[in-house]
Amino acid sequence: MLGALSIIFTLCVLAIYVDSHGKTAFVADVGIVYGNKIEPDGSPSDRLEARLAAALYLYQHHQIESIFVSGGTGPEGFDEAMVMKDYLIAKGIPSKDIDVDSSGINTHLTSLHAVSKFGQGMSVVAISQRYHLSRAKLSLKHAGFDEVYGYAPDYTELRDTYSYVREVPAWLKYWMKGL
């Protein structure tokens, strides 16, 4: 029994990994940037800055028309979404092309808020770390978006290995909703 569970778990990690590494050319209406830690000085963490740089790249290369930044207020006391918006504006993105969701405290809520804002007819790209992309895309599809892509920054940390493992139960929960 333990061997079978180990095989299933390993297959889930592999599925998450493979799904996040697919290279699909896309042009989408909206890039959805998922929040992450804000440093005590009010700046984005390296991980979040990498997500924002990925969104900036997609915007500058005309692969997305606008950006939806989503997050909550962390223990540091900063509104992640507003910090993300300010960062992108400082990098040259017009404020009119950035939508803010300060109540996106998890993947599911971010998806619901995005579909509420944009409607189901829009194409979207989830912008997050690789281990999170598969679940983020599933969540966006469950929320009602038909055309969903994923894009990860070129940023990894040693803890990403652990994050793939930790992601399995959450990913299974989202995946099972689609069955």
Could you report the tightest heavy-atom contact between [X] and [Y], atom names first, then the distance?
X: Gly35; Y: Arg51; result: O-NH1, 3.0 Å
X: Tyr34; Y: Ala126; result: CE1-CB, 3.8 Å
X: Val27; Y: His62; result: CG1-O, 4.0 Å
X: Pro44; Y: Tyr87; result: CG-CD1, 3.9 Å
X: Gly104; Y: Leu109; result: CA-CB, 4.5 Å

Worked verdict on Ile32 versus Leu140 for side chain to side chain contact (heavy atoms under 4.5 Å, CB included): CA-CA 10 Å; Ile32 299 174; Leu140 291 165; 3.6 Å; yes

Fit a plane to each ring of Tyr151 and Tyr57, take the angle between them on a 0 to 90° scale, and name the class: parallel (under 30°), tilted (30 to 60°) or perpendicular (over 60°). parallel

Hey, mind stepping through Thr73 and Asp79 against side chain to side chain donor-acceptor pair (under 3.5 Å) and telling me if it holds? CA-CA 4 Å; Thr73 300; Asp79 180 332; 4.9 Å; no

Any side-chain donor near an acceptor of the partner, Asp29 and Ser123, under 3.5 Å: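 Yes - a donor-acceptor pair under 3.5 Å links their side chains.
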
Using a distance-only test with no angle check, is there a side-chain donor-acceptor pair under 3.5 angstrom linking Ser66 and Asp97? no

Is it the case that one hydrophobic cluster holds both Val125 and Tyr59, taking links as side-chain heavy atoms less than 4.5 Å apart, direct or via other members? yes

Should Val83 and Leu48 be regarded as members of a common hydrophobic cluster, given that ILVMFWY residues are connected when their side-chain heavy atoms come within less than 4.5 Å of each other, either directly or indirectly?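 Cluster IDs for Val83 and Leu48 match.
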
Determine whether a donor-acceptor pair (N or O, by modelled atom type, separation under 3.5 Å) exists between the side chain of [X] and the backbone of [Y].
X: Ser45; Y: Lys37; value: yes
X: Thr107; Y: Ala136; value: no
X: Gln63; Y: Phe26; value: yes
X: Arg135; Y: Glu167; value: no
X: Thr110; Y: Asn106; value: yes

Centres of the Phe118 and Phe145 rings: under 6.0 Å? no

One thing to verify: whether Asp99 and Lys117 come together as a salt bridge, which I'm taking to mean a side-chain N less than 4.0 angstrom from a carboxylate O. yes

With a 4.0 Å cut-off, would you call Glu49 and Arg47 a salt bridge? no

